[in-house]
Amino acid sequence: MEDPTRDTRDRDKEAIAPHRNILIVDDLPSIHDCFRSILIPDDFEEKGEELDAMLNKIVGEEPKRPRNRFRPPVYRIESAFQGEEAIAMVDRAAEQGNPFSLIFMDVRMPPGMDGIQTIQEIWKKHPAIGMVICTAFSDYSWEEIQEILGGPGRLMFLRKPFDKVAVQQMAMTLTTRWKLAREAAFNTERLEALVEERTKELVKAKHQAEEANQAKTEFLANMSHEIRTPMNGVIGMAALLLDSNLPPEQRDYVDAINNSGQALLTILNEVLDFSKIEAGKLRIEQIPFDLRTVVEDLGDLSATRAEEKKIKLIVRIDPDTPTRVEGDPGRIRQVLANLVSNAIKFTMSGYVKIDVAWETGNEDGLDWFRFDIEDTGRGIPADKLDAIFEKFTQADSSTTREYGGTGLGLSISAQLVDLMNGTLGVESVEHEGSRFWFRIPLPLNENPAPPAKRKTPIQGMRILVVDSHVPRREVLSETLTSMGLLVTEAATGQLAMDAIAGARNTDREFEAILIDQELSDMPGLILGPKIRAMGTKARLLYLMPFAQHLTPKRTMESGFEASLTQPIRRRPLQRALEQVAKLSQRSSGSTSTPGHQTPSSSLPPDSADLENRGRVLIAEDNLVNQRIAVRMLQKLGMEVVTVPNGVRALEITATEDFDLVFMDIQMPEMDGLEATRRIRQREKEQGRERRQTILAMTANAMQWNEDACEEAGMDGFIAKPVHFELLRRTVESWLARHV
């Protein structure tokens, strides 16, 4: 016979939510019936219909079941009569995925474990189940129960006989709380799983990005090496050719080759620098250096290009500016080079001026230096100023075709200045010119005494400056005044002759006259003989463009003692004037004969004479690069020996002494890094007091490669293509350390 209540039980089972599962644990069957009658009333539907009818009578409407009428929760109730049985049922229900949310637990259940012990065991594995202790009498005090099972937040207490409302309230409250806790735990698990999954994805993406970045870095390093190696041959050979006696037409061809190579090198350097900055691999050094040398060297490197466009390049360093500072000279030079190069590029006429000043009295106590690059070029539209420092951006997209460039120079400059804790800005008026500036803090490495206060043998010398270009003449006069000289200015050749005649009449004749090559009324080489014909005893110094090549004989024939190149460097200018002072003292009381002045070779050269002062080893496998390095070093008066790889370098340095070793990094049989390590190890084993100076000369210009050179024991790093001036300064610096 079929159970008539089966369909009802099945429907109830389907309707029962898992969080309404309740277990009654008591050794008396009547207690179980009592809980069922309270939690599952048989007359629920009848009571609900009676209530509906009463409500509708009150409001005067037909009987109608309220749409949202409250329905008590439906529970699934199971029974256990001993503690051991209850534990087994709880475990089984959890395994089947239909766990109990609430247990009503009797305390006394002889002959097995009591309710308190049962709760202890259940909570070891199922701590979230709600517990209500039901008893008429307990062998435990409430304090003992709390001490055994925990604080009151985990337990509720129901004394027999039960209050119907209390049972219903506890059942609803505790099962709902269990449900919410389960949902919270489930959502937390889902969130944690989602976070873990997303974290794995992010870690994977990070690794992929790092691998891609590493691959990009390695690719750029390899491409840098592969491009720089032949480029060193192109630029190096072009430089050697330009230094030879070429016919004008061939010189133009070679000059075009050299300019194209330099343009390619600039693009390559910008891409490499941008990549290093993006990867966070660019390092800012903090070393002592001479700021004047950095700025004046940059002026020399930029002068030729300015002269090609027939614009003036002016370099001004405020006389009160201390020049021995600490910082990164290479990066400062790079920012200056970018800004000056841009200024020259976009200036068709007029001048480009580099101005350096020391800012004192800052509230932060730091020594700030300001660099201004002013030009009289095309200017920048006001609506383009905000975007001028963004990468791959130029003020006018049409300028890309007209002037070329990657659009990275200003972006790199801005990021370099930021890395040096400085600021960079621009002021511009379209069609009138621009002023780019940057400020950086540089700790002083000397006592900042103003140069004018230092005693020199030329103080008080009377000097005439003849230059038609007002800004350049003013800068030169300021420099001379800061040296303690008495300066008079003349804008033309005629005004200069008038000043000379006037000085002779007042018995205050000039002791030296500086004459620019290009005056508004006559060339400087024409003015020189005219001044000599006036019978003056003043010594004449010729100021000529940086790229102009005049022999000492040619300038001497025009009445000049010596020549200096524009823009004027302070130290060569001071040496030349000191020599003039000595010559004037020797010839005092005698009359100079025009055309028989001391030749310009009597003045000290701008760079030290290195002839027969050093022996150099070059380890280089590329024959073209070998020839270029050999020729450049021979021009510096060095004796040069070459080897094709690191093995031969290791062998020859064991038996012969060299003042310098230039070591390529990538060579067959043994690379330069390994050769350097072995040389250093050998020196350590032999206990040598003075170690061999080894400089990397490589086409690998990435920062990590410089670090690898340093770790291998190299003393310095020169990137290819090698510029002669950089090589000269490097050789002079290291030879000076060996003296």
Side-chain angles (χ1 to χ4, degrees), residues 12-13 16-44 72-94 96 98-182:
D12 289 344
K13 185 176 181 181
I16 292 172
H19 66 278
R20 302 299 185 188
N21 297 341
I22 298 176
L23 178 63
I24 312 298
V25 185
D26 199 299
D27 58 333
L28 296 177
S30 60
I31 297 297
H32 296 261
D33 295 337
C34 181
F35 273 109
R36 281 188 169 82
S37 66
I38 293 173
L39 297 175
I40 311 178
D42 294 332
D43 60 349
F44 170 75
V74 180
Y75 301 103
R76 189 192 75 178
I77 298 177
E78 296 191 23
S79 299
F81 297 91
Q82 294 294 331
E84 292 85 350
E85 181 187 7
I87 294 170
M89 291 179 68
V90 170
D91 289 342
R92 184 167 57 253
Q96 293 173 351
N98 199 20
F100 292 104
S101 59
L102 174 62
I103 298 177
F104 288 96
M105 181 73 69
D106 187 25
V107 177
R108 286 185 169 185
M109 293 181 294
M113 64 172 60
D114 62 28
I116 304 303
Q117 295 169 332
T118 303
I119 292 173
Q120 271 187 304
E121 291 301 314
I122 291 175
W123 270 356
K124 286 179 181 178
K125 295 175 64 176
H126 312 282
I129 297 177
M131 292 286 181
V132 179
I133 295 175
C134 308
T135 184
F137 178 81
S138 174
D139 295 325
Y140 301 91
S141 68
W142 179 241
E143 289 75 16
E144 290 174 331
I145 292 174
Q146 291 185 70
E147 184 178 351
I148 295 171
L149 298 180
R154 301 188 67 195
L155 286 168
M156 296 189 75
F157 193 85
L158 185 64
R159 187 172 294 278
K160 298 176 181 178
F162 307 135
D163 179 78
K164 179 179 179 181
V165 174
V167 172
Q168 291 174 339
Q169 182 184 29
M170 287 182 180
M172 180 179 291
T173 300
L174 294 180
T175 55
T176 301
R177 186 169 70 179
W178 183 89
K179 171 182 178 289
L180 295 175
R182 288 270 295 183

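Taking Glu147 as the reference, nothing meets the salt bridge (Lys or Arg N to Asp or Glu O under 4.0 Å) condition, with sequence neighbours excluded. Listed by chain and residue number, Phe100 satisfy the side-chain contact (heavy atoms from CB on, under 4.5 Å) test with Ala93 (two or more places apart in sequence, or in another chain). The side-chain contact (heavy atoms from CB on, under 4.5 Å) test applied to Ser141 returns Glu143, Glu144, not counting sequence neighbours. Partners of Ala94 under the side-chain contact (heavy atoms from CB on, under 4.5 Å) rule, at least two apart in sequence or in another chain, are His126. Residues passing the salt bridge (Lys or Arg N to Asp or Glu O under 4.0 Å) test with Arg108, sequence neighbours excluded: Asp139. Legend: residues meeting side-chain contact (heavy atoms from CB on, under 4.5 Å) with Asp33, ordered by chain and number and at least two apart, are absent. Legend: residues meeting side-chain hydrogen bond (donor to acceptor under 3.5 Å, both in side chains) with Thr135, ordered by chain and number and at least two apart, are absent.
Residues Ile31 and Asp106 form no side-chain contact, since every pair of their non-hydrogen atoms from C-beta on lies 4.5 Å or further apart.
Within the structure, salt bridge (charged side-chain N to carboxylate O under 4.0 Å, His left out) contacts touching residues 80-92 (residues at least two apart or in different chains) are Asp91-Lys125. Contacts classified as side chain to side chain donor-acceptor pair (under 3.5 Å) and involving residues 110-120 (residues at least two apart or in different chains) are given here: Asp114-Tyr140.
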Check against side-chain contact (heavy atoms from CB on, under 4.5 Å), Met156 and Thr173: CA-CA 11 Å; Met156 296 189 75; Thr173 300; 5.7 Å; no
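Side-chain contact annotation: Thr176 with Arg20, donor-acceptor N/O pair under 3.5 Å present. Side-chain polar atoms of Ser79 and Arg36 form a donor-acceptor pair below 3.5 angstrom.
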